[in-house]
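Input: a single structure, listed below in structure tokens.
Note: hydrogens, waters and symmetry copies are ignored here, and every other heavy atom, side chains too, is used. In what follows, chains carry the letters A, B, and so on, assigned in the order in which the sequence lines appear, proteins first and then strands, with residues in each chain numbered from 1.
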Number of protein chains: 2
Amino acid sequence: MDDISSILKEKGLKVTPQRLAIINMLRNTKEHPSAETIYKTLSSDFPTMSLATVYKTLEMLKNIGLVQELNVGEGSFRYDANVNSHPHLICYGCNRVDDLDDSALDDLLGEVSKYTDYLLKDQKLYFYGYCPECKNKKVN
Amino acid sequence: MDDISSILKEKGLKVTPQRLAIINMLRNTKEHPSAETIYKTLSSDFPTMSLATVYKTLEMLKNIGLVQELNVGEGSFRYDANVNSHPHLICYGCNRVDDLDDSALDDLLGEVSKYTDYLLKDQKLYFYGYCPECKNKKVN
DNA sequence: CTAAATGCAAAGCCTTTGCAAGTCT
DNA sequence: AGACTTGCAAAGGCTTTGCATTTAG
């Protein structure tokens, strides 16, 4: 099921306002926020919440498979409530991080397996460039 | 040209034994070592060299385009003297990091461009699984 | 000689940990 | 009530920085 409270209870985890806020924020954004961004965004609603709680919650959500951690090369992680490991697109212009269509992934894996004898299990794929908006604005 | 001393001199950088050792080590390995690994490996030949020097040298080598930084998701970077951004394969069994054939990359980019309007400029592609050796050893 | 690099230690940044106080069930 | 979670501050791991000393050109 998709109801967070039920999932947490099933696992013997407590349902706290902070946890609900964090997972709900992640589920309602496409921005792939960092812990810091989550923290700041929720600060208005939870002024006393600490960054440590955000990290602990994210750790827990990772462990129960509700969230995945991304590393697009920024020195801090980003988080994604979409847990199937889909490719990402990162814009050099505006730093947005977009998802790449899932069906693209199948095609990519098909290509790779032509070139390696590895038994492939997972992947972290980051494509960098300019998003449709930025590629028009930019000079070169 | 490919002669390190000449490249450094051309850029007004000094040729030091430490720098030569680091770049030579990177050019002669396929292991994609971390700064720590480089440091430890060279310690026998350069007992007084500090980790800071390794980091400063790697930073410099990045800047002049002789080395690229990889992040395979380990909490520390790895370094690669092969600076074209080729895909990597990481083995869950033995943690080795292999290169994927360059021609695979062209195919992959061709696939991706079918699915996005991004203007693609670069990519960091990590495929995880079991290398040919480990996939035979493992149980599942 | 003198500009740049090294090596040491200290500082920084992101993340994790310890623990008392507070909250969920 | 009892166990888990929060929030604060301190600690950790990797990387960077500052600065006096040393080295390359």
Side-chain angles (χ1 to χ4, degrees), chain A residues 3-25 32-64 66-79, chain B residues 3-25 32-64 66-79:
Chain A
D3 176 44
I4 301 151
S5 298
S6 315
I7 298 175
L8 293 178
K9 283 177 187 163
E10 259 172 35
K11 313 244 177 192
L13 296 165
K14 288 183 174 169
V15 179
T16 67
Q18 293 91 332
R19 287 177 171 180
L20 291 177
I22 291 169
I23 183 69
N24 280 327
M25 170 180 171
H32 308 85
S34 65
E36 187 72 33
T37 302
I38 296 171
Y39 172 65
K40 285 183 182 157
T41 305
L42 297 179
S43 283
S44 42
D45 291 323
F46 299 86
T48 68
M49 183 171 62
S50 72
L51 231 197
T53 296
V54 175
Y55 276 110
K56 286 171 184 168
T57 299
L58 291 170
E59 170 74 17
M60 178 232 91
L61 292 171
K62 260 193 294 175
N63 291 340
I64 65 175
L66 253 45
V67 148
Q68 73 168 308
E69 210 169 50
L70 307 182
N71 190 322
V72 305
E74 292 175 320
S76 58
F77 292 109
R78 286 170 176 256
Y79 296 86
Chain B
D3 175 44
I4 302 151
S5 297
S6 314
I7 299 175
L8 293 178
K9 282 178 188 162
E10 259 173 34
K11 313 242 177 190
L13 296 164
K14 287 183 175 170
V15 179
T16 68
Q18 293 91 330
R19 288 177 169 180
L20 291 177
I22 291 170
I23 183 68
N24 281 327
M25 170 179 171
H32 307 85
S34 65
E36 187 72 33
T37 302
I38 295 170
Y39 173 65
K40 285 182 182 160
T41 304
L42 297 179
S43 284
S44 43
D45 290 323
F46 298 86
T48 67
M49 181 171 63
S50 72
L51 232 197
T53 297
V54 175
Y55 276 110
K56 285 171 183 167
T57 299
L58 290 171
E59 170 74 18
M60 176 232 95
L61 292 171
K62 261 193 295 175
N63 291 341
I64 65 175
L66 253 44
V67 150
Q68 74 168 306
E69 209 168 49
L70 307 182
N71 190 324
V72 305
E74 293 174 319
S76 59
F77 292 109
R78 285 170 177 257
Y79 296 86

Spacing of A:N63 atom CG relative to D:dT5 atom C1', expressed in whole Å = 15 Å
When rounded to the nearest 0.5 angstrom, what is the spacing between CG in B:L66 and CG in B:L8?
-> 7.5 Å
Say you draw a straight line from CE of B:M60 to OG1 of B:T53; how long is it, rounded to the nearest 0.5 Å?
-> 12.5 Å
B:K9 side chain: which of D:dT15, D:dG25, D:dT5 is closest?
-> D:dG25
Gap separating the CD atom of A:E36 from the OG1 atom of A:T41, nearest 0.5 angstrom | 10.0 Å
Stepwise side-chain contact (heavy atoms from CB on, under 4.5 Å) check, A:I64 with A:L13 | CA-CA 10 Å; A:I64 65 175; A:L13 296 165; 4.1 Å; yes
Close side-chain approach of A:I38 to A:L58, heavy-atom, < 4.5 Å | yes
Have a look at the helix from C:dC1-D:dG25 to C:dT25-D:dA1 and give the angle its two end axes make, five pairs each, rounded to 10 degrees.
-> 30°
Spacing of B:M49 atom CE and B:L51 atom CG [to the nearest 0.5 Å] = 8.5 Å
Any residue meeting side chain to side chain donor-acceptor pair (under 3.5 Å) with B:S5, in chain and number order, not counting sequence neighbours | none
Of B:E74 and B:V15, the one whose closest DNA chain D nucleotide lies more 5' | B:E74
Tell me which donor-acceptor pairs under 3.5 Å the side chains of residues 70-79 of chain B have, and how far apart each pair is, sequence neighbours excluded?
residue, atom, partner, partner atom, Å
B:N71, OD1, B:G73, N, 2.8
B:E74, OE1, B:R78, NE, 2.8
B:E74, OE2, B:R78, NH2, 3.2
B:R78, NH1, B:E31, O, 3.1
B:R78, NH1, B:H32, O, 3.0
B:Y79, OH, B:E69, OE2, 3.1

Working to the nearest 0.5 Å, report the span between CD1 of B:I22 and CE of B:M25.
-> 9.5 Å
Please work out which residues in residues 41-59 of chain B have a non-hydrogen atom less than 4.0 Å from an atom of DNA chain C and list them by number.
-> B:T48, B:M49, B:S50, B:A52, B:T53, B:K56
Below 4.0 angstrom, N of the basic side chain to O of the carboxylate: do B:K62 and B:E59 qualify?
-> yes
Interatomic distance, A:L42 atom CG to A:T57 atom OG1 [nearest 0.5 angstrom] = 10.0 Å
Which atom names give the shortest non-hydrogen contact between B:Y39 and B:S50, and what distance separates them?
-> CE1-C, 3.7 Å
Provide, to the nearest angstrom, the distance between the NZ atom belonging to B:K14 and the P atom belonging to D:dA24.
-> 9 Å
Atom CE of B:M60 to atom P of D:dT16: distance rounded to whole Å?
-> 14 Å
5'-most contact on DNA chain D (nearest-nucleotide basis), A:G12 vs B:E36, goes to A:G12
Using chain B heavy atoms and a threshold of under 4.0 Å, write down where along DNA chain C the contacts begin and end, 5' to 3'.
-> C:dA3 to C:dA9
By a strict heavy-atom criterion of less than 4.0 Å, which residues belonging to residues 16-25 of chain A are in contact with DNA chain D?
-> A:T16, A:Q18, A:R19
